[in-house]
Amino acid sequence: MNMKKILVAMSGGVDSSSTALMLKNSGYEVIGCFLNMHTNNQQAIQDAKLVSEFIGIELIIKDISQKFLEIVKDDFYKEYRNGRTPNPCVLCNKEIKFKELFSIADGKDIKLVATGHYANRIYDEKNKKYILKKSKNLTKDQTYMLWRLGQNELERIIFPLGEYTNKSDVRIYAEDQKLPVFDKKDSQDICFIPSNDYHDFIKEYSASINDIILDGDVIINGKSIGKHKGIPYYTIGQRRGLGIAYKEPIYVKQIDVENNIIEVATLENTYSKGLIAADYNIINDEKLKEGVYNIKIRYKSKEKLGTISEQNGRLIVNFNEPISSIALGQSVVLYDDDVLIGGGIISEVF
């Protein structure tokens, strides 16, 4: 395969546009690729076209909206319907984004693929394996969303923005290079929800499939203190938007789908000492080395220390100190200092 050619995922934003320009300026023959995942992308498509013309590169636009609907959006809705809290970006990166990019690259005899993720891929000469390390810009680090990648993918991916220590450095580069999107705002957390409020998506999606969402009881200490709007509108740890007055701040502690009940509790009663994760992946494709790791249970949560072991194909996590509001369906991600070890989907809490 041609090693001087590289396929760059283009979103029309500052990060991916800067990535494409950096690679072209460093000598690569760059081809851009816009994966059209949903219907609210027209402005992004126009921006990607504008940037590609400015840089002077070919842009491939591929419509994968049906696949995105069937794999990501359906899963997103079903997970909330089942009282769980999904990570759509984690699922998309593994099952859609990189698979599509590699497929397009293969069709053009291209070995390497690049994205605007804030992460660092490094080849470990000692172990002859690729490792993923955190971005130098820790506030923008996106390794949490990449834990499902393995050696086959990392052999072909590069992340040019991983060495940048500050988000403003990328914007300064884009402005200096006169990229037409240098002042464009960052995208929202969930790309297919323009309002950035997942309740809007739940409401529209349930209507589109004629799924009736019923209200039910909110309980604390076994007693009802009000009504909820429907199971999919709640997530573990939620405090705001409960619509219930109580003498102390209360948080969603448990979601009982079978009985259509939301259980709430005061903060001190929301802690757990550990969790079990299924469907896990170890980045170096080797057996997990059991021991103490830094652990994240949400993308924006602080890391906590915990002991990790493996039993019957599941990760067992025992935290050094109890953790509040662990949500089923979220990713638990393991780090050794700044090296991403792997992760899994939280299936049980204890």
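Everything quoted here is computed from the prediction, not taken from an experiment.
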Q.
Looking at Y28, I'd like to know if the NZ or CZ of K5 sits under 6.0 Å from its six-membered ring centre while staying within 45 degrees of the ring's axis.
A. no
(Q) Could you go through N320 and K304, starting from their C-alpha distance and side-chain angles, then the distance that decides it, and tell me whether this counts as side-chain contact (heavy atoms from CB on, under 4.5 Å)? (A) CA-CA 8 Å; N320 287 14; K304 303 293 184 179; over 6 Å; no
Are a donor atom and an acceptor atom from the side chains of [X] and [Y] found within less than 3.5 Å of each other?
X: S195; Y: D197; answer: no
X: N137; Y: S135; answer: no
X: Q66; Y: E70; answer: yes

Donor-acceptor list for residues 53-60 side chains, cut-off 3.5 Å, not counting sequence neighbours:
none

Q | Check against ring-ring contact (aromatic ring centres under 6.0 Å, His included), F68 and H38 | A | CA-CA 7 Å; F68 189 83; H38 34 85; 5.5 Å; yes
Q. So which heavy atom on N294 is nearest to which on D337, and how close?
A. ND2-N, 3.9 Å
Output the distance between atom [atom1] ([X]) and atom [atom2] ([Y]), rounded to the nearest 0.5 Å.
X: K78; Y: R84; atom1: NZ; atom2: CZ; value: 13.5 Å
X: Q177; Y: L21; atom1: CD; atom2: CG; value: 5.0 Å
X: L328; Y: T235; atom1: CG; atom2: OG1; value: 9.5 Å
X: S208; Y: K73; atom1: OG; atom2: NZ; value: 9.5 Å
X: L161; Y: T19; atom1: CG; atom2: OG1; value: 3.5 Å
X: Y198; Y: Y233; atom1: OH; atom2: OH; value: 9.5 Å

**Q.** From CA spacing to verdict: side-chain hydrogen bond (donor to acceptor under 3.5 Å, both in side chains), T143, Y335
**A.** CA-CA 10 Å; T143 51; Y335 293 91; 2.8 Å; yes
Q: Check step by step if side-chain contact (heavy atoms from CB on, under 4.5 Å) holds for V349 and I236.
A: CA-CA 12 Å; V349 175; I236 299 297; over 6 Å; no
Q | Donor-acceptor pair, side chain of S16 and main chain of S11, under 3.5 angstrom | A | yes
Using a strict 4.0 Å threshold on nitrogen-to-oxygen distance, state whether [X] and [Y] make a salt bridge.
X: D124; Y: K129; value: no
X: E100; Y: K97; value: no
X: D186; Y: K140; value: yes
X: E153; Y: R148; value: no
X: E155; Y: K111; value: yes
X: D336; Y: K289; value: no

Q: Run the numbers on F201 and Y80 for ring-ring contact (aromatic ring centres under 6.0 Å, His included), then give the verdict.
A: CA-CA 11 Å; F201 174 84; Y80 272 110; 8.9 Å; no
Q | Stepwise side-chain contact (heavy atoms from CB on, under 4.5 Å) test for D47 and M10 | A | CA-CA 9 Å; D47 288 342; M10 304 282 285; over 6 Å; no
(Q) For E95 and K99: C-alpha separation, side-chain torsions, deciding distance, then whether salt bridge (charged side-chain N to carboxylate O under 4.0 Å, His left out) applies. (A) CA-CA 6 Å; E95 298 300 332; K99 283 185 177 180; 2.9 Å; yes
Q: Using the salt bridge (charged side-chain N to carboxylate O under 4.0 Å, His left out) rule, pick out the option among R298, K296, K134 that qualifies with E303.
A: K134
**Q.** salt bridge (charged side-chain N to carboxylate O under 4.0 Å, His left out) assessment of K178 paired with E175
**A.** CA-CA 5 Å; K178 297 181 172 55; E175 185 173 8; over 6 Å; no
Q: Assess whether side-chain contact (heavy atoms from CB on, under 4.5 Å) is satisfied between V332 and Y280, documenting all intermediate values.
A: CA-CA 9 Å; V332 56; Y280 74 87; over 6 Å; no
Q: Can you sort out the partners of E348 under salt bridge (charged side-chain N to carboxylate O under 4.0 Å, His left out), two or more places apart, ordered by chain and number?
A: R314
Kindly list each side-chain donor-acceptor pair under 3.5 angstrom involving residues 245-252, sequence neighbours excluded, with atom names and distances?
none

